[in-house]
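Everything below concerns the one structure shown next.
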Protein chains: 2
Amino acid sequence: MYEGSGLRARKKRDAMHRIQDTALDLFEERGYDAVTIEEVANAAAFAPRTLYRYFGTKEMLVIWDEHDESAMEPIRRRLVSLDPIDAIRQVLHASFEAMTERELAQLERRLKLIYANPAIEAALTLHADALARHLVGVISSSQDDDLEAHVQVNALVGGILGAMRHWSLSGASTPVMVSIDRALAVLERGVGRSSAHLRANTGNPPASTSAGKGKDHVR
Amino acid sequence: MYEGSGLRARKKRDAMHRIQDTALDLFEERGYDAVTIEEVANAAAFAPRTLYRYFGTKEMLVIWDEHDESAMEPIRRRLVSLDPIDAIRQVLHASFEAMTERELAQLERRLKLIYANPAIEAALTLHADALARHLVGVISSSQDDDLEAHVQVNALVGGILGAMRHWSLSGASTPVMVSIDRALAVLERGVGRSSAHLRANTGNPPASTSAGKGKDHVR
DNA sequence: CAGCCTAAAGGCAGTCACTGCCACAAAGAT
DNA sequence: ATCTTTGTGGCAGTGACTGCCTTTAGGCTG
């Protein structure tokens, strides 16, 4: 596993960018589902087998981000002294500021495709979930309560994804980071409390017994 | 689309239960990945095509819960007057109390399989996510802030899933509902604040510029 | 610079989840 | 009993993904 430099590494990264660009073109043009991996491979002049080696799955052609891999370390570093929300916020802010115009445009392109396509959005959720699991490992090893770490990180990741979806559904007009910032604020305040619509009952039990019929288990 | 009664409906539900039981047996015995849909179908004496019609996907053979479908209404009803956390908590409590011994055992069986198998866990995440989207629709139509609804519901669902995973990873010894209750408490308190490890900095900016290299975008 | 070695790319064949289509059977209405 | 409707079974196909093996090319050594 090589890393940053080396001709091989550069060649691979270049290839991945070319392939992703090609894929985004085709997906935008004809729809994600209507394009097969083989077509992308042909258009990008690579063997299908190679696409699979690079990206693993079809969805990753859209989801993949060059900088994702290197983002874990900074987060991990900050988690030692900061709570999860602040850690994520700082790293995200730094990332967005470091992005070029071209990268930002590419990101929006990808996000639009993601949220226009349930299959890709699903894959993104999974991807984020894997990241969450990673973070849980970091936190709970240096802290007391395991369950609390699980819940906090999962809620955090879920909340951010929710913000991104909302951003996408509402036209993607403002910068994504604004939505994410607002999401983080909501999470800090606590899920129960809404800004408007304030109420005082935080724990009265009853309501219908007639609804006893409506069971649910976990999901 | 029929509902509760009618002989056809009963027959279908019975068949689904039989098929799910068969599937769980096989999956536990030989591992989820090593069992094909066709084998499940044969063992349960149904056509593969029928399994797909009933369950849609292989993962749903494990995830499916008879009562899931009827659970949305009670939640929706409570969301009018309660905040999301209280609504979910009440419905979940009611559901668990209404469960028979046999149903509870089956639930644990399913959960063990789910969390022993990344593919199924992924599908569960997606399933939960779809439910979250539903809830967002209910809330944001009767409330002011769209984004807040997205974030809250997503965080809520994410947090519950986190609790369940933790419960599973830590041996599944206590009742699931206990873990979920604790998760809900964490969410109410706000993601930033941990119970122990209290700190006072909720918004100081800096830290490394050296970490500017570590970018990340969104996912 | 030649030649070796290791790692990556291409090609092939196969598996399996999932789908559309059509013929058939059984539930429910007349 | 007959008609209609709705669900079921079988068939053939698609396409994502994998293991395996061959070939190519980077990267290092003398």
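By convention in this document, chain letters (A, B, ...) are assigned in the order of the sequence lines, proteins followed by strands, and residues within each chain are numbered from 1. Since we're looking at a predicted model, the values are computed, not measured.
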Does C:dA9 have its OP1 or OP2 closer than 4.0 Å to a side-chain nitrogen or oxygen of A:Y52? no
Applying a 4.0 Å non-hydrogen cut-off, can you work out what A:F55 is touching in the nucleic acid: base, sugar-phosphate, or nothing? nothing
What is the distance, rounded to the nearest whole Å, between atom CD of A:E39 and atom P of D:dT14? 13 Å
Does the distance from a Lys or Arg side-chain N to an Asp or Glu carboxylate O, for A:R89 and A:D83, drop under 4.0 Å? no
Using atom CG of A:L51 as one end and atom C1' of C:dA8 as the other, report the distance to the nearest whole Å. 15 Å
Donor-acceptor pair under 3.5 Å: do we get one between B:R49's side chain and the base of D:dG7? no
Which residue lies more 5' along DNA chain C, comparing A:A47 with B:G56 via nearest heavy atoms: A:A47
B:R8 side chain: which of D:dT6, C:dG10, D:dT8 is closest? D:dT6
By nearest-nucleotide position on DNA chain C, the 5'-leaning member of B:T36 and B:K11 is B:T36
Could you state the atom-to-atom distance from NZ of A:K12 to P of D:dT24 in whole Å? 22 Å
Nearest-angstrom distance from the residue atom OH of B:Y54 to P of D:dT6: 16 Å
Rounded to the nearest 0.5 Å, how far apart are NE2 of B:H134 and CZ of B:R76? 6.0 Å
What contact category does A:V40 fall into here, base, sugar-phosphate, or nothing, at under 4.0 angstrom with non-hydrogen atoms? nothing
Nucleotide C:dA9, atom P - distance to CD1 of A:I37 in whole Å: 16 Å
Taking the basic N atoms (NZ, or NE/NH1/NH2) and the acidic carboxylate oxygens, is any pair closer than 4.0 Å for A:D21 and A:R102? yes
From CE of A:M60 over to P of D:dC17, roughly how many Å is that when rounded to an integer? 11 Å
If you measure from the Lys or Arg side-chain nitrogens to the Asp or Glu carboxylate oxygens, is any gap between B:D14 and B:K11 under 4.0 Å? no
Which atom of B:A163 lies closest to which atom of B:S179, heavy atoms considered: CB-O, 3.8 Å
Return the value, rounded to whole Å, for the distance between atom CD of A:E38 and atom C1' of C:dG10. 13 Å
Does C:dC16 have OP1 or OP2 under 4.0 Å away from a side-chain N or O of B:K58? no
Starting from C1' on D:dA16, measure out to CD on A:E59 and report it in whole angstrom. 9 Å
